[in-house]
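Take a look at the structure below.
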Amino acid sequence: MQTDALLHLNLNRRGNVSRRNFLQSAALGIAGSSILTQFQLNAAELKKEGRSCILVWLAGAPSQMETWDPKPGTPNGGETKKISTQTPGIEIAHYWPKIASVMNEIALIRSMTGKEAAHERGTYHLHTGHRMMGIERFPHFGSVVAQEIGDPQSDIPNFVSIGQTLSSGFLGVQVAPFIIDRPGQLPANVFNNTADSRQQRRLALLSQQEKDFAEAGAASLVKEQSKLYQKAYLMMKSPRLKAFKFEDEPQAMQEAYGKSQLGQGLLVARRLVEVGVPFVEVRSGGWDMHNSVFKNMERRAPDVDQGLSQLLIDLKQRGLLDKTLVICMGEFGRTPKINARPPVPGRDHWVRNFNLLMAGAGIKGGQAIGKTDANGQEIVDTPVEVDDLFRSMCKAMQIDADMELHTPIGRPVKLVESGEVIKGLFG
């Protein structure tokens, strides 16, 4: 119950820490330089070993037939053509020429199978590894990463999302996603513009409120909120804040990622990984293509194609890809059979088979795992469940998939309930 109260007190209505609330709290709660000494980095105590994960989330569920498993020339294939890739024998949809050029770094999973064909439930399943049941809210995988390998003394958040995402669930505010919506700029309200005298009055008021609140029986909540203020203070002073903006980033590199929101978000993701942030999510919307799937793919794919391919190139050249897991996926797939919706047909929700892209962190590139039949209707080789995926993600991040998390009432739950690491995924 205390955790619930804390979440209501500190998180926005989606259950996330927004940059505005986070930093506004800091402006009110700065408690002086003595706080800094409580949070000085102690490298010997750092739990993380340099592993990071970048999740590229294509919200709306992209079509497997128009991404990594095209079926041209079949009744379900539609207008999509296939192109060769850098890896002989692997062909993907023609919307992705730049991804094709870096296929040697990529493992395609063509035989994902899920259980949730509604957007909210599918998003939850593919972010937490658990189906949406009961009142318990499982944490975003990014929050698990932040807790397990993030630096608890970090002066910037261990989990950053460029765009709204799921919350940290029962893991609480300390590992909640820090959300920004303008890649390439510092988070708003990062500077304290309050006059000292006014700030001191605010601090005195805050101190009295916290004391009263603690004496009324909420000491643990006061303690947690105080930690949040302290983290905000550290962030406002952090030299690593520059990772959020591009002042020192060559123009050519910015253009290489593309000027789209997604491309610039991926560049921020690389910069955050470079300064030690263990989990970054970058979101792209508009993939729910019930209508005009082929025309919409022509519009949506180029930004992801450019940004994601450049991300892999950039991580590789900087020596970061070996320890950075990159995943590109949505919540489920689309019907192999093209619908008859006017004015222009598209594809509807489909969970029986879909696909995704993985790279880095020990994953063997230049391969396609799993296979569907000629018409894209059924998986005919190596079905991969969501539990298998999460067990593989844990392996890549060196997190124990069998570890137990504890809900606010102390109930132990496994991080991943079942499944096996995807066979052949790792080199």
Side-chain angles (χ1 to χ4, degrees), residues 11-12 14-23 52-60 62 123 126-127 139-146 150 154 156-168 175-190 232 235 238 240-249 253-287 300-312 314-315 320 324-331 356-357 359-360:
L11 304 185
N12 64 23
R14 293 176 179 270
N16 302 318
V17 180
S18 73
R19 53 175 169 67
R20 180 179 297 277
N21 289 336
F22 191 79
L23 294 167
S52 296
C53 178
I54 298 174
L55 168 61
V56 184
W57 183 255
L58 306 184
T123 298
L126 270 295
H127 277 81
H140 190 306
F141 184 69
S143 295
V144 175
V145 171
S154 176
I156 59 175
N158 286 304
F159 175 9
V160 175
S161 180
I162 302 170
Q164 290 290 336
T165 188
L166 271 67
S167 77
S168 53
V175 290
F178 181 76
I179 295 173
I180 62 172
D181 53 14
R182 295 180 300 172
Q185 300 181 35
L186 283 176
N189 304 319
V190 72
M235 183 173 175
S238 173
R240 294 193 289 174
L241 268 180
K242 66 180 182 181
F244 286 97
K245 58 183 181 179
F246 298 150
E247 287 181 357
D248 60 346
E249 194 69 48
M253 182 61 75
Q254 297 180 46
E255 293 174 356
Y257 274 84
K259 289 296 186 179
S260 67
Q261 180 89 352
L262 186 279
Q264 298 296 283
L266 291 173
L267 177 53
V268 171
R270 186 269 284 165
R271 292 172 61 86
L272 290 172
V273 165
E274 207 165 25
V275 299
V277 176
F279 195 96
V280 184
E281 178 172 352
V282 185
R283 298 174 70 91
S284 168
W287 298 89
R300 293 289 178 187
D303 291 343
V304 181
D305 188 43
Q306 180 171 354
L308 183 53
S309 58
Q310 180 59 36
L311 174 68
L312 296 178
D314 203 6
L315 290 173
L320 294 170
T324 304
L325 172 64
V326 178
I327 313 171
C328 179
M329 62 181 177
E331 53 266 48
L356 55 84
L357 172 160

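Model, not experiment: these values are computed from the prediction.
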For Phe159, the option from Phe279, Phe178, Phe141 that meets ring pair (Phe, Tyr, Trp, His ring centres under 6.0 Å): Phe279

Assess whether a salt bridge exists between Glu274 and Arg270, defined as any Lys/Arg side-chain N lying under 4.0 Å from an Asp/Glu carboxylate O. yes

Any side-chain heavy atom of Val304 sitting closer than 4.5 Å to one from Trp287? yes

Spacing of CD1 belonging to Ile162 relative to CD1 belonging to Ile180, to within rounding of 0.5 Å: 4.5 Å

Quick one: does any side-chain atom of Glu249 pair with a main-chain N or O of Val268 as donor and acceptor, under 3.5 Å? no

CD-CD distance between Gln306 and Glu255, expressed to the nearest 0.5 angstrom: 9.5 Å

Do you know the tightest heavy-atom contact between Leu186 and Arg182? O-NH2, 4.1 Å

CG on Leu315 to CD on Gln310, rounded to 0.5 Å: 9.5 Å

Exam field: side chain Ser143 to backbone Val175, donor-acceptor pair closer than 3.5 Å: yes

Specify the closest pair of heavy atoms between Met329 and Leu356, including all atoms of both residues, with the distance to one decimal. CB-CB, 3.6 Å

On a heavy-atom basis, the closest approach of Pro177 and Ser161 is CB-CB, 4.4 Å

Report the C-alpha separation of Thr165 and Trp57 in whole Å, then their side-chain angles, then the decisive distance to 0.1 Å, and conclude whether the side chain to side chain contact (heavy atoms under 4.5 Å, CB included) test is met. CA-CA 9 Å; Thr165 188; Trp57 183 255; over 6 Å; no

Between CD1 on residue Ile179 and OG on residue Ser167, distance to nearest 0.5 Å: 9.5 Å

Provide the closest heavy-atom pair for Leu241 versus Met235 in the form atom of the first, atom of the second, distance. CD1-O, 3.1 Å

Starting at CG of Asp314, measure out to CG of Leu266 and round the result to the nearest 0.5 Å. 10.5 Å

Are any side-chain N or O atoms of Arg283 and backbone N or O atoms of Gly163, one a donor and one an acceptor, separated by less than 3.5 Å? no

Do you know which of Leu272, Val273, Val282 makes side-chain contact (heavy atoms from CB on, under 4.5 Å) with Val160? Leu272

So Ser284 and Asp303, do their side chains get closer than 4.5 Å, heavy atoms only? no

Taking all non-hydrogen atoms of both residues into account, name the closest pair between Val277 and Ser52 and its distance. O-OG, 3.3 Å

Kindly give the heavy-atom pair with the smallest separation between Ser238 and Ile156, and that separation in Å. OG-CG2, 3.7 Å

Please check if atom NZ in Lys242 has more than 12 non-hydrogen atoms from other residues, nucleotides or ligands closer than 6.0 Å. no

Under 4.5 Å between any side-chain heavy atoms of Leu267 and Phe246, yes or no? yes

OG1/Thr324 to CG/Leu312 distance, rounded to the nearest 0.5 angstrom? 10.5 Å

I'd like to know if the side chain of Arg271 and the backbone of Gly184 have a donor-acceptor N/O pair within less than 3.5 Å. no

So His127 and Glu331, side chain to side chain contact (heavy atoms under 4.5 Å, CB included) or not? Walk me through it. CA-CA 9 Å; His127 277 81; Glu331 53 266 48; over 6 Å; no

For Tyr257, does its backbone N or O pair with a side-chain atom of Gln264 as donor and acceptor, under 3.5 Å? no

